[in-house]
2 protein chains.
Amino acid sequence: MTRWQPDARGRLEAAALELFRERGFDQTTVTDIAARAGVDKRTFYRLFGDKREALFSGGKLLEGVLVKAVAETDAAPFETVIAAFQRVADEIFADRLDLARVRQSIIEGSPELQERELRKTSSLAAAVADALRAKGVGETAATLATESGVTVFRVAFARWVAPGCDASLTELIAEMAAELRAVTSAPAVPAPNAATLT
Amino acid sequence: MTRWQPDARGRLEAAALELFRERGFDQTTVTDIAARAGVDKRTFYRLFGDKREALFSGGKLLEGVLVKAVAETDAAPFETVIAAFQRVADEIFADRLDLARVRQSIIEGSPELQERELRKTSSLAAAVADALRAKGVGETAATLATESGVTVFRVAFARWVAPGCDASLTELIAEMAAELRAVTSAPAVPAPNAATLT
DNA sequence: TACGGTCATGTCACAAGATGACATCGGTCC
DNA sequence: GGACCGATGTCATCTTGTGACATGACCGTA
């Protein structure tokens, strides 16, 4: 039998990232991942629900920071969510651009991973909305502010990891938030020009 | 060999819906579905990419109506998307509330199906954003208006299928759009009271 | 009627994902 | 030492999903 391996979880995550990058997600079997990490396939499934989860372990950390930020911020719902994402951008993503790009390119190469990412995002949104409701924000407002905030973050994130972008994620979030406000503000009535803050 | 069956696709969709409702998604095998429809498992996989797809066949129709509506409407981006969803609500969903409820309850019972639904929604959004860009709407505005519109639709839809709701989907969409505008409008400056249309 | 296409389907085989049941090893507590 | 326990390995099995090939129905043509 193979000797016991410390930090099986970390080793498996690293092995999975490497293999997905080298051969692609579909071309990598769970047995391959386990072999590279020096553990059994069964151990992989005890630590991760399925093959995709090996790529999405950071989700819990993200959720924690986000929820905490929401709880601590005192502003209107949408502004609170935006501020929370900006905090996450600083604390978690700022110095991990390269990793983010690798992960993103792996995800883009597999529909299965795209689905999983959407679900993770959705679950994150649910947590944020809960945090907002816990502060007394109404049901509908909490949902809409959260979803809008998530949209802003997603678009900003996509720009951030796109090649040839030198802006910081935090800046991009601010820009996209402003754009979203402009786009959803009351329709310009047939009058000549409506004054909007830009 | 089993006799040939007309409309294999329709039979399989119906069989899948029945079985998912009776036993749940996980407890139903593709072989079960095929057997009830009177065809072979292999035929199922030729008509549907995977087990989940049997529940999501209407997506293409939806996308078509939506894109057409966007192309034909002449208004600001966000308003265009909202109007398009309202048209879909009238033309497709209005008289299918019961079916929508059954489908929804099946989806809620399976994480895999939730993932697939999110992807379908995402793909729908991409199509709408493309339609918007085709009308000359800028890249960012198209994305943000679309995502916001989709959010409005999703929230409205959730209310619509919730038990004890008697409003029409179209009305709910209008309400949620107004709410979203209110939530994302510029933050109330420290001034006493900001006037907003409610 | 016979012939040759083509298209959908059935049949068989199989890799990979995922899970349950059980054995085993290392350490811990008494 | 010996009982206990948690993490791991091993084995068996089911299900998903796919490739390769055979068959049978249908269609136009000679």
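Just so you know, these numbers come straight off a predicted model, no measurement behind them. Here is how names work: the chains are called A, B, and so on, in the same order as the sequence lines, proteins then strands, and each is numbered from 1.
When the P atom of C/dA16 is taken as reference, atom CZ of A/R23 falls 11 Å away, rounded to whole Å. For the pair B/D40 CG and D/dT16 P, the computed distance is 14 Å after rounding to whole Å. If you measure from atom CZ of A/F44 to atom P of D/dT8, you get 14 Å, rounded to the nearest angstrom. Taking atom CG of B/D7 as the reference point, atom C1' of C/dT9 lies 15 Å away to the nearest angstrom. Remark: C1' of C/dA8 and CZ of B/R11 are 15 Å apart, rounded to the nearest angstrom. Atom-to-atom, CZ of A/F48 to P of C/dA18 comes out at 13 Å; the value is rounded to the nearest Å. Distance CG (A/D26) to C1' (D/dT18): 13 Å, rounded to an integer number of Å. In this entry the distance linking CD of A/Q27 with C1' of C/dG17 reads 15 Å, nearest Å.
Judged by atom type and distance alone, A/R52 does not reach the base of C/dG17 through any side-chain donor-acceptor pair under 3.5 Å. Looking at A/R46, its side chain has no donor and acceptor atom pair within 3.5 Å of the base of D/dG6. Side-chain N/O atoms of B/R42 and base N/O atoms of D/dG17 include no donor-acceptor pair closer than 3.5 Å. Taking only distance into account, the side chain of B/K41 meets the base of D/dG17 through a donor-acceptor pair shorter than 3.5 Å.
Taking the six-membered ring where the residue is Trp, A/F93 and A/F157 present perpendicular rings, their angle passing 60° and hence far from 30°.
Annotation for A/A83 and A/T73: closest pair CB-CG2, 4.4 Å, computed over non-hydrogen atoms. Pairing each heavy atom of A/A125 with each of A/E147, the nearest pair is CB-OE2, 3.8 Å.
The side-chain tip of B/R52 does not point at the ring of B/F25 from less than 6.0 angstrom away and within 45° of straight on.
For the OP1/OP2 pair of C/dG10 and a distance below 4.0 Å, the side-chain nitrogens and oxygens of B/T43 include at least one atom meeting the criterion. OP1 or OP2 of D/dG17 sits under 4.0 Å from a side-chain N or O of B/Y45.
In this structure, A/K135 contributes its side chain and A/V70 its backbone to a donor-acceptor pair below 3.5 Å.
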